[in-house]
Amino acid sequence: MATPTLNPEPLLTVLAQVPSGSVIAFGELAHMAGYPGKARWAGRVLSQLPGGTALPWHRVVNASGVLTCPRADVAAKRLEREGVRVQNGRVAIRKYRWSPGLVAGIVTGPEQE
DNA sequence: GGGATGACAATTT
DNA sequence: AAAATTGCCATCC
């Protein structure tokens, strides 16, 4: 089996499924990609993405909702353009956090509004 | 094999 | 919400 190197493919696939107006955390992204606990690896993958990528990398934030990226200003601008309110490089991840169950129309947990 | 780094997460203060 | 602390995992030197 040669080298068990991690593939960015599943991660990029999940990232492409993220709808506009929503955001996702690195940990959630890695978990859905099939790599639970590898939140840091997810960040590494995005860091290696090319500048001309068509993937919505700007919709990926950390668990705190902070745009932890070298282009936070660009990401914030794009997010606001998609309907996500960004304040001081931070988004209300509590409201905008996306999950596969959400797509199914299943409401989980209490609402915080 | 060891140490430092990084687009992180969870907990506590 | 923010800062500090600890834990985790992959990569680079």
Side-chain angles (χ1 to χ4, degrees):
Chain A
M1 299 263 303
T3 58
T5 311
L6 278 59
N7 307 6
E9 283 189 37
L11 190 108
L12 302 178
T13 302
V14 176
L15 177 57
Q17 309 312 302
V18 180
S20 98
S22 299
V23 296
I24 185 170
F26 289 92
E28 289 289 318
L29 192 62
H31 187 79
M32 296 203 303
Y35 298 112
K38 290 178 173 56
R40 254 186 144 141
W41 167 77
R44 235 199 87 65
V45 174
L46 296 184
S47 67
Q48 284 166 30
L49 281 175
T53 182
L55 292 170
W57 56 268
H58 53 269
R59 289 182 195 141
V60 185
V61 297
N62 68 3
S64 304
V66 181
L67 297 167
T68 50
C69 48
R71 307 286 183 258
D73 36 310
V74 178
K77 186 168 184 167
R78 284 184 103 168
L79 286 172
E80 284 200 68
R81 214 167 117 91
E82 305 233 327
V84 179
R85 193 158 71 129
V86 183
Q87 284 303 325
N88 199 9
R90 188 171 299 121
V91 305
I93 190 168
R94 277 277 188 149
K95 290 185 166 198
Y96 295 109
R97 134 147 96 152
W98 178 75
S99 92
L102 205 64
V103 176
I106 304 174
V107 184
T108 61
E111 64 302 291
Q112 63 279 334
E113 183 144 3

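Just so you know, these numbers come straight off a predicted model, no measurement behind them. Below, each value reflects all heavy atoms present in this structure, side chains not excepted, and no hydrogens, waters or symmetry copies.
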CG of L67(A) to CZ of R78(A), rounded to nearest 0.5 Å, is 12.5 Å

Please name the pair of heavy atoms, one in R59(A) and one in V18(A), separated by the smallest distance, quoted to 0.1 Å. NH1-O, 2.9 Å

Can you tell me the distance, in whole Å, between the CG atom of L79(A) and the C1' atom of dA7(B)? 13 Å

Expressed in angstrom and rounded to an integer, what is the separation of R97(A) atom CZ from dA9(B) atom C1'? 13 Å

Please give, in whole Å, the distance from dA7(B) C1' to L49(A) CG? 10 Å

Could you state the atom-to-atom distance from CZ of R78(A) to P of dA7(B) in whole Å? 19 Å

Nearest heavy-atom contact between K38(A) and A30(A) is O-CB, 3.5 Å

With a 6.0 Å cut-off (strictly less than), is the heavy-atom count around CD of E80(A), excluding the residue itself, greater than 12? yes

Please confirm whether the shortest side-chain N or O distance from K38(A) to OP1 or OP2 of dC8(B) is below 4.0 Å. no

Heavy-atom closest pair, residues C69(A) and W57(A): SG-CZ3, 4.3 Å

Between dC9(C) (P) and N7(A) (CG): distance, integer Å: 18 Å

Separation of dC8(B) atom P from E28(A) atom CD, nearest Å, is 15 Å

Which of dG6(B), dA7(B), dA9(B) is nearest the side chain of N62(A)? It is dA9(B)

Is it the case that dC8(B) (base atoms only) and R40(A) (side chain only) share a donor and an acceptor within less than 3.5 Å, ignoring hydrogens and angles? yes

Whole-Å distance separating the CZ atom of F26(A) from the P atom of dC8(B): 5 Å

Of all the choices, dA10(C), dG7(C), dA9(B), which nucleotide is nearest to the side chain of A63(A) once you look at every atom? dA9(B)

Could you give the CD1-to-C1' distance, from I93(A) to dA10(B), as a whole number of Å? 14 Å

Say we look at dT6(C) and dA7(B): how far apart would their P atoms be, to the nearest angstrom? 22 Å

Would you mind classifying the nucleic acid contact of A25(A) as base, sugar-phosphate or nothing, using non-hydrogen atoms under 4.0 angstrom? sugar-phosphate

